[in-house]
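Scope of the values below: all heavy atoms of this structure, side chains included, with no hydrogens, waters or symmetry mates. Letters go in sequence order (proteins before strands), and every chain restarts at 1.
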Amino acid sequence: MEKIENSDFKQIGNKLLSWYKENARDLPFRQTKNPYKIWICEIVFQQTRINQGLNHYNNFIKRFPDVKTLAESLEDEVLLYWKGLGYYSRAINIHKAAQQIMNDYHGAFPHEYDEILKLKGVGKYTAAAVSSICFDGKIPAVDGNFYRVLSRIFADDFDISNSRAFIYFSELAHLILPENVGDFNQAMMDLGSEICKPKNPLCHECPLNKNCLAFSLNKVSEFPVKTKKVKANDLDLKYYFVHRNGEFLIQQRKDDFIWKKLFEFPPEISEELIPFIKSVKTVNHKLTHKNLSIEIFNVEVDSEEVWKDFIAKNDFIVTNVEDSHEKSFPKPLENYIENYHTAYRIL
DNA sequence: AACACGGGGAA
DNA sequence: TTCCCAGTGTT
C-alpha cells in the first residue's frame with residue numbers, strides 16, 4: 001500500500017464514477033430508485049449471476065409490483081416465482097418482510113439503514129445497497145465484488161473467508177468513497193462483473209489500473225486471498241413416484257433443510273404398494289455443497305382400490321403434470337416430472 | 001466463528 | 001472438476 005499516496009485515494013472513487021457513467025450495464029432496475037424494486041433485485045441477485053436471475057426478477061416484479069401485493073399473496077405463489085433460483089429461504093423471507101413493512105411501517109419502505117436491516121432476509125449488504133441507492137445513505141454495499149476489487153487495488157492479502165472481511169473491506173471502501181455512494185456501489189458491481197473479473201480480468205481496459213497496486217506489481221491473480229475451502233458432502237435421497245392415470249402424489253417439505261417449502265414425492269411408501277414398483281431411476285444432481293444421488297422408484301398403481309386406499313391413509317396431495325406447474329419443485333424432481341410427461345404423452 | 005443453503009456459467 | 005456469483009440466518 002506504500003506505493004499509493006493518500007491523496008490518490010479520493011480520486012479512485014471518482015474515476016470509478018466517471019467510468020460508470022459511460023459503461024453502466026443496462027439493467028431493468030437501473031432506471032429506478034423505487035426501494036421495493038431495488039430491494040427485490042438485491043435479494044434475487046444474492047449469490048446469483050445477472051443472466052441467471054433476470055427473468056425471475058422481471059416475472060416477480062410483474063406479478064408482485066409492490067409491497068402490498070406481495071404481502072397479501074400466498075407464500076406458495078411467491079415460492080412458485082422463485083422456482084429454479086435456489087436459496088429458497090430468500091423467497092420465504094421476502095414474503096415475511098413485505099408483511100413486516102405493511103405491519104410495522106404502514107406499507108412505506110423504511111428509509112433508515114438500521115430500520116431496513118430489521119427486515120427478514122436483509123443483511124448488512126442489502127441494507128447498505130437499498131439505503132445508498134434509494135435514500136442517499138453513505139454506506140458501502142460490500143459484496144464479493146468489493147472484496148475482489150479492493151484487495152487488488154491495495155494488493156491486500158486479508159483473507160476474504162475471514163468473518164471480519166466485511167468490516168475490514170468496509171473500512172477500505174471508505175478510503176475511496178465518493179459523494180454519490182449509490183452510484184459508487186453499483187459501479188463496483190459493474191466493474192467487478194465486467195472488468196475486474198475473478199478469472200482473466202481485463203486490466204488493460206480498467207479505469208483504475210493506474211491506481212491498482214496489484215496490477216503495478218503484476219500480481220493481480222494473487223488477489224483476493226481466500227483460504228477457506230468448501231467441502232461437498234454426499235447426500236442420498238429416496239423418492240417414490242406413485243402414479244395412476246396421469247396423477248401422482250406429492251407433499252410439501254419443511255423449512256428446516258434443503259429446498260425449504262418446496263414440493264417433493266413421497267420419501268417412503270407402505271407395504272401394499274411395493275408390488276407396484278415398476279422400475280427405479282437414479283438421478284445425480286450436483287449442488288454447491290452437496291453431491292445428491294436421488295433414487296426415484298416408479299410406482300404405477302394398477303389397482304384403483306389400492307390407489308384410493310393409499311391416498312385415504314396418507315396426507316399426500318394428488319396432482320398431475322399440468323397442475324404441478326403451479327407448484328415449486330426442486331430442479332431434479334421438476335426434470336423427472338417433465339420426462340414423465342413426455343413418456344406419458346407417447347402412451 | 002463456522003456452517004448451511006441452489007443453481008448455473010465460465011475456465 | 002473447481003470456482004464463484006448484487007449474502008443471510010442459524011448454531
Side-chain angles (χ1 to χ4, degrees), chain A residues 24-25 27-30 37-57 79 82-94 96-97 116-133 140-149 159-167 169-170 182-194 196-201 221 224 226-233 235 253-262 284-292 294 328-335:
Chain A
R25 288 177 291 181
L27 301 171
F29 41 87
R30 278 284 164 75
K37 291 183 178 177
I38 297 300
W39 166 50
I40 298 299
C41 98
E42 295 303 340
I43 303 298
V44 165
F45 293 108
Q46 280 171 16
Q47 300 294 286
T48 304
R49 314 247 174 192
I50 294 297
N51 285 339
Q52 186 185 351
L54 215 42
N55 286 334
H56 282 89
Y57 170 79
L79 281 167
W82 213 265
K83 180 170 66 173
L85 256 190
Y87 285 165
Y88 297 96
S89 60
R90 290 184 294 174
I92 297 168
N93 285 332
I94 223 171
K96 288 178 180 170
I116 301 171
L117 194 56
K118 290 179 182 173
L119 299 173
K120 293 288 184 189
V122 172
K124 297 192 294 290
Y125 161 78
T126 301
V130 175
S131 166
S132 65
I133 295 171
V142 177
D143 69 338
N145 293 300
F146 272 66
Y147 290 167
R148 190 167 57 256
V149 173
D159 185 358
I160 67 168
S161 49
N162 186 310
S163 301
R164 297 201 308 281
F166 186 90
I167 299 294
F169 284 100
S170 292
D183 280 353
F184 172 79
N185 284 333
Q186 299 187 81
M188 287 286 275
M189 320 250 188
D190 281 12
L191 188 80
S193 169
E194 307 291 301
C196 198
K197 300 183 293 182
K199 301 285 174 59
N200 304 326
S221 61
K226 184 179 184 180
T227 61
K228 180 182 167 189
K229 295 144 184 75
V230 277
K231 55 184 182 298
N233 299 319
L235 178 62
R253 292 182 62 81
K254 308 296 182 191
D255 65 354
D256 59 350
F257 190 37
I258 60 172
W259 298 329
K260 300 185 196 340
K261 299 288 187 79
L262 266 55
N284 292 311
H285 191 74
K286 192 175 179 303
L287 302 181
T288 302
H289 303 288
K290 284 181 170 49
N291 293 314
L292 298 182
I294 310 173
S328 188
F329 287 88
K331 206 63 185 178
L333 300 192
E334 183 176 76
N335 293 341

The side chain to side chain donor-acceptor pair (under 3.5 Å) partners of A:K120 (sequence neighbours excluded) come to none
| Are A:Y88 and B:dG7 close enough that a side-chain N or O sits under 4.0 Å from OP1 or OP2? | yes
Name the nucleic acid region contacted by A:F29, choosing base, sugar-phosphate or nothing; use a 4.0 angstrom heavy-atom cut-off, strictly under. base
* At under 4.0 Å, does any side-chain N or O of A:W39 touch on OP1 or OP2 of C:dA6? -> no
Rounded to whole Å, the CZ-P distance (A:F257 to C:dT11) equals 14 Å
The complete set of salt bridge (charged side-chain N to carboxylate O under 4.0 Å, His left out) pairs with one or both residues in residues 182-194 of chain A, sequence neighbours excluded, reads A:R25-A:D190, A:R25-A:E194, A:R30-A:D190
I'd like the C1' distance from C:dC4 over to B:dC5, given in whole Å. 15 Å
Here the distance between atom C1' of C:dA6 and atom NZ of A:K197, to the nearest Å, is 18 Å
**Prompt:** With sugar-phosphate meaning primed atoms plus P, OP1 and OP2, does A:R253 contact a base, only sugar-phosphate, or nothing at under 4.0 Å between heavy atoms?
**Reply:** nothing
Hits for ring-ring contact (aromatic ring centres under 6.0 Å, His included) against A:F329, two or more places apart or cross-chain, chain-then-number order -> none
Just to be sure I understand the rule, does A:I43 reach a base, reach only the sugar-phosphate, or reach nothing, if contact means heavy atoms closer than 4.0 Å? nothing
Exercise for the section: Please work out whether the ring planes of A:F29 and A:Y57 are parallel, tilted or perpendicular, with thresholds of 30° and 60°. Expected result: perpendicular
DNA chain C nearest-nucleotide lookup for A:K120 and A:N145: closer to the 5′ end is A:N145
By nearest-nucleotide position on DNA chain B, the 5'-leaning member of A:K331 and A:N200 is A:K331
Margin query: With a cut-off of less than 4.0 Å, is there a side-chain N or O of A:Q47 near OP1 or OP2 of C:dG7?
Written below: yes
TODO: Answer yes or no: is there a donor N or O on one side and an acceptor on the other, between the side chain of A:R90 and the main chain of A:G121, under 3.5 Å?
DONE: no
Using a cut-off of 4.0 Å on non-hydrogen atoms, how would the nucleic acid contact of A:N185 be classed: base, sugar-phosphate, or nothing? nothing
Check your understanding: Considering only heavy atoms and no angle criterion, is a donor-acceptor pair shorter than 3.5 Å present between the side chain of A:T48 and the base of B:dG6?
Key -> yes
Nearest-nucleotide check on DNA chain B, A:L85 vs A:R164; residue mapping nearer the 5' end is A:R164
| request: Would you state whether a donor and an acceptor, one from the side chain of A:Y87 and one from the base of B:dG6, lie under 3.5 Å apart? | output: yes
Exercise for review: Using a 4.0 Å heavy-atom cut-off across all strands, classify A:V122 as base, sugar-phosphate, or nothing.
Suggested key: sugar-phosphate
The nucleotide from B:dG6, B:dC3, C:dA6 with an atom nearest the side chain of A:I258 is B:dG6
Determine the interatomic distance between P on C:dT8 and the same-named atom on B:dG8; round to the nearest Å. 22 Å
note: A:N93, atom CG; C:dG9, atom P; distance rounded to Å ~ 6 Å
Atom CD1 of A:I294 and atom P of B:dG6 are separated, to the nearest Å, by 13 Å
Contacts under 3.5 Å, N or O only, protein and nucleotides 1-4 of chain C:
unit_1 : atom_1 : unit_2 : atom_2 : d
C:dC4  : O2     : A:R49  : NH2    : 2.8

Here the distance between atom P of B:dG6 and atom CG of A:N51, to the nearest Å, is 22 Å
Practice problem: Could you check whether A:G84 gets within reach of a base, just the sugar-phosphate, or nothing at all, counting any heavy atom under 4.0 Å? | Solution: sugar-phosphate
Within the side chain of A:S132, is there an N or O that forms a donor-acceptor pair under 3.5 Å with the backbone of A:A128?
yes
Here the distance between atom P of C:dG9 and atom NZ of A:K260, to the nearest Å, is 12 Å
What contact category does A:F166 fall into here, base, sugar-phosphate, or nothing, at under 4.0 angstrom with non-hydrogen atoms?
nothing
### Task
Please state whether the base of B:dG7 and the side chain of A:Q52 form at least one donor-acceptor pair under 3.5 Å?
yes
> Quantified in whole Å, what is the P atom distance between nucleotide C:dT10 and nucleotide B:dG6?
Replying inline: 14 Å
Hits for side chain to side chain donor-acceptor pair (under 3.5 Å) against A:T227, two or more places apart or cross-chain, chain-then-number order -> A:D159, A:S161
Taken to the nearest whole Å, CG/A:L333 to C1'/B:dG7 is 14 Å
Rounded to whole Å, the CD1-C1' distance (A:I50 to B:dA10) equals 16 Å
Notebook entry, point to check: Does the A:N51 side chain pair with the main chain of A:L54, one donor and one acceptor, at a distance under 3.5 Å?
Noted result: no
Is any side-chain nitrogen or oxygen of A:H285 closer than 4.0 Å to OP1 or OP2 of B:dG7? yes
Taken in chain and number order and not counting sequence neighbours, the residues that satisfy salt bridge (Lys or Arg N to Asp or Glu O under 4.0 Å) with A:K226 are none
